[in-house]
Amino acid sequence: MSAPARKRRKSAESATSSQLPFLREPSPGLFPSKAELVKLLAVVAIASSVAVICNYAATVLTRPPKPFCDSDEADDLFSSGLCEPCPENAVCSDGRFDCIHGYRKEGKVCVEDGEVNQAAKKISDWVESRLCEAYAHVMCDGLGMIWFQETEILKELEENKLKQHFGFNDEIFMYARKRGLENVQKSLDKRETLEGLTEFKCPERLAEKYKPLLCCVRQWIYRNVSFILPILAMLAGLVRIILKVHQRWHRASRVEQLYEQACEILEENALAISGTEPGEPWVVASQLRDHLLLPKERKDPILWRKVEELIQEDSRVDQYPMLVKGEQRIVWEWQVKGSLSSRMRSKKAASKTKLGDGERKTLSPLPKLLAGKLLSC
């Protein structure tokens, strides 16, 4: 193509573009940038999430809860997904549930009632104590009964007025009594009678704990009597020997004491008679005995006999019979002459006299010296 033709073609295209402005090339700020596009997508995603969450919350909150399946038709309805299963320990009807006696509602479950549990425990403890004490009484004395029927237990519960004693109302007491009997039956022995009645008995190992202390001691003695009797005999013999030794020791010490007192009385009487006092140098032995012995000691003939033996062995005392007031008596007389004790007493008296004279002699110049000093002053 020639140059003039190309020029004509360019001028034609320029004229056409000037006439049609939409055919022009777009400006660079018409489309968003890459960063703006990312921001836009993030905003759209957040808005969609919020919308979905709000829709789900509105659906859940406004949807009515599933009713509870009736207790009679629980399996069929629950398998279809139309209702929720009935909670344990509850009775369901008309889509609602009520807890049985002894349980209370906590949300959608039934939990045990603490007051009823305490009442049932008290009743079960009372029944166990009653049956075990009766069995323990039979084990100790052989009298009474050990098997009790349930009707008899219920009758005793009513007669003892446990409901008023524990302060239960009728509803709590009825269920607590039933539950307490169910709990205590687990720890009791039971049997069926010929009439088809059920009887209960406290186990022997449990009844052992309810025995009185005196009964336990008595049975232990019966079981070990062959071992206890020899020990008791040995203890009795040992105690008897100890008492005899103690009695002999006490008697020996008392005999020595009485012997010394008798010698002192005989010696003082002899010294007094040898001086200026009138009287007899001897003393009647029986009168001296009654003077020294206590009333309860006079019943022991061995005590004064030992004293007489010591007096007979003492060379300072003479013993001879004498007629006193028309009766033959045994008298004792202290030998003053040649007695070492009398000599020692006389020496002690003489030394005390000399010592007193010397003290008076040594003390006599003191007043004179004191008087001379006072005069000089």
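For clarity, every value in this text was computed on a predicted model and none was experimentally measured.
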Enter the distance from [X]:[atom1] to [Y]:[atom2] here, rounded to the nearest 0.5 Å.
| X | Y | atom1 | atom2 | result |
| --- | --- | --- | --- | --- |
| Leu288 | Glu308 | CG | CD | 10.0 Å |
| Asn269 | Glu280 | CG | CD | 9.5 Å |
| Ile153 | Glu199 | CD1 | CD | 10.0 Å |

Please determine if Asp300 and Lys306 form a salt bridge, counting it only when a charged side-chain N lies under 4.0 Å from a carboxylate O.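 Salt bridge between Asp300 and Lys306, a charged N being under 4.0 Å from a carboxylate O: no.
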Does a sphere of radius 6.0 Å around [atom1] in [X] hold more than 12 heavy atoms from other residues, nucleotides or ligands, not counting ones at 6.0 Å or beyond?
| X | atom1 | value |
| --- | --- | --- |
| Arg240 | CZ | no |
| Tyr320 | OH | yes |
| Arg248 | CZ | no |

Would the distance check show the side chain of [X] and the main-chain N or O of [Y] forming a donor-acceptor pair, the cut-off being under 3.5 Å?
| X | Y | value |
| --- | --- | --- |
| Arg251 | Leu303 | no |
| Gln319 | Ala285 | no |
| Asp141 | Leu143 | no |
| Asn183 | Asp125 | no |

Between Tyr259 and Glu313, is any side-chain donor less than 3.5 angstrom from a side-chain acceptor?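 Absent: no donor and acceptor within the cut-off.
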Thr198-Glu192 side chain donor-acceptor pair, cut-off 3.5 Å: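 There is such a pair (donor and acceptor under 3.5 Å, judged by atom type) between the side chains of Thr198 and Glu192.
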Write down the atom of Val284, the atom of Trp282, and the distance for their closest heavy-atom approach.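 Nearest pair, atom of Val284 first, then Trp282: CG2-CZ3, 3.9 Å.
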Is there a side-chain contact between Lys244 and Ile241 (heavy atoms, below 4.5 Å)?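 Lys244 vs Ile241: side chains apart.
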Any side-chain heavy atom of Cys263 within less than 4.5 Å of one from Trp334?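 Touching, per the 4.5 Å side-chain cut-off.
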